[in-house]
Amino acid sequence: DDRFYFRVEHILLHFTKADGELAGILERRAHGKGFPEDISNLNTIASKMVVNALRLAASLGLNADELISLVNKRLKTQ
């Protein structure tokens, strides 16, 4: 269904935005400008990524228990 693909694509775009924010911070360091002392922006980016992951899981029909189970399995294999 088109709404499903739109939702998943839109979530992917939000992931990409958050990745870009993180890349921008890290790129400053690559150019010798150092890493920011205030990491609150990094915390915000991390929370955006988690929210996006939760929205993706919900769009795929996963409830909280199913998602936690999948995450635990994934962590055990790493």
Side-chain angles (χ1 to χ4, degrees):
D1 149 301
D2 286 343
R3 288 177 296 163
F4 170 77
Y5 290 105
F6 172 81
R7 223 176 15 254
V8 171
E9 180 181 43
H10 194 79
I11 293 166
L12 174 62
L13 293 173
H14 280 279
F15 268 118
T16 303
K17 281 175 51 177
D19 287 344
E21 290 178 59
L22 181 57
I25 291 169
L26 296 175
E27 194 217 11
R28 289 178 43 84
R29 186 168 187 265
H31 289 281
K33 295 181 182 173
F35 199 74
E37 288 184 27
D38 178 9
I39 63 164
S40 61
N41 197 31
L42 293 174
N43 296 339
T44 299
I45 294 167
S47 69
K48 288 178 184 180
M49 291 178 167
V50 170
V51 168
N52 291 329
L54 293 172
R55 287 183 175 150
L56 178 60
S59 293
L60 298 173
L62 293 171
N63 65 38
D65 290 334
E66 292 167 326
L67 182 59
I68 290 169
S69 176
L70 288 170
V71 167
N72 284 332
K73 286 178 188 174
R74 179 73 180 149
L75 289 172
K76 288 178 185 175
T77 64
Q78 293 182 353

- Item | Sequence-distant partners of Ser69, side chain to side chain contact (heavy atoms under 4.5 Å, CB included), two or more places apart | Lys73
- Each residue besides Ile68 in its hydrophobic cluster should be listed here, by chain and number; the cluster joins Ile, Leu, Val, Met, Phe, Trp and Tyr at side-chain heavy-atom distances under 4.5 Å. none
For residues 50-60, tabulate all N or O donor-acceptor pairs below 3.5 Å that involve a side-chain atom, not counting sequence neighbours.
| residue | atom | partner | partner atom | Å |
| --- | --- | --- | --- | --- |
| Asn52 | ND2 | Lys48 | O | 3.1 |
| Ser59 | OG | Arg7 | NE | 3.4 |
| Ser59 | OG | Arg55 | O | 3.0 |

- Item | Where at least one partner belongs to residues 23-33, residue pairs that pass side-chain hydrogen bond (donor to acceptor under 3.5 Å, both in side chains), sequence neighbours excluded | Glu27-His31
- Does Met49 reach the side chain of Leu22, with side-chain heavy atoms less than 4.5 Å apart? yes
- Item | Flag if over 12 foreign heavy atoms under 6.0 Å of CG, Asp1 | yes
- Query: In terms of hydrophobic clusters joined by side-chain contacts under 4.5 Å, are Phe4 and Phe15 together?
  - Reply: yes
- Item | Same apolar cluster (I L V M F W Y, side chains within < 4.5 Å links), Leu13/Val8 | no
- Who passes ring pair (Phe, Tyr, Trp, His ring centres under 6.0 Å) against His10, sequence neighbours left out? Phe6, His14
- In chain order, what residues pass the ring pair (Phe, Tyr, Trp, His ring centres under 6.0 Å) check against Tyr5, with sequence neighbours excluded? none
- Message: Rounded to the nearest 0.5 Å, what separates atom NZ in Lys17 from atom CG in Asp19?
- Response: 12.0 Å
- Item | Value rounded to 0.5 Å, distance of CG in Leu62 from CG in Leu70 | 6.0 Å
- Query: Distance from Leu67 atom CG to Arg74 atom CZ, nearest 0.5 Å?
  - Reply: 13.5 Å
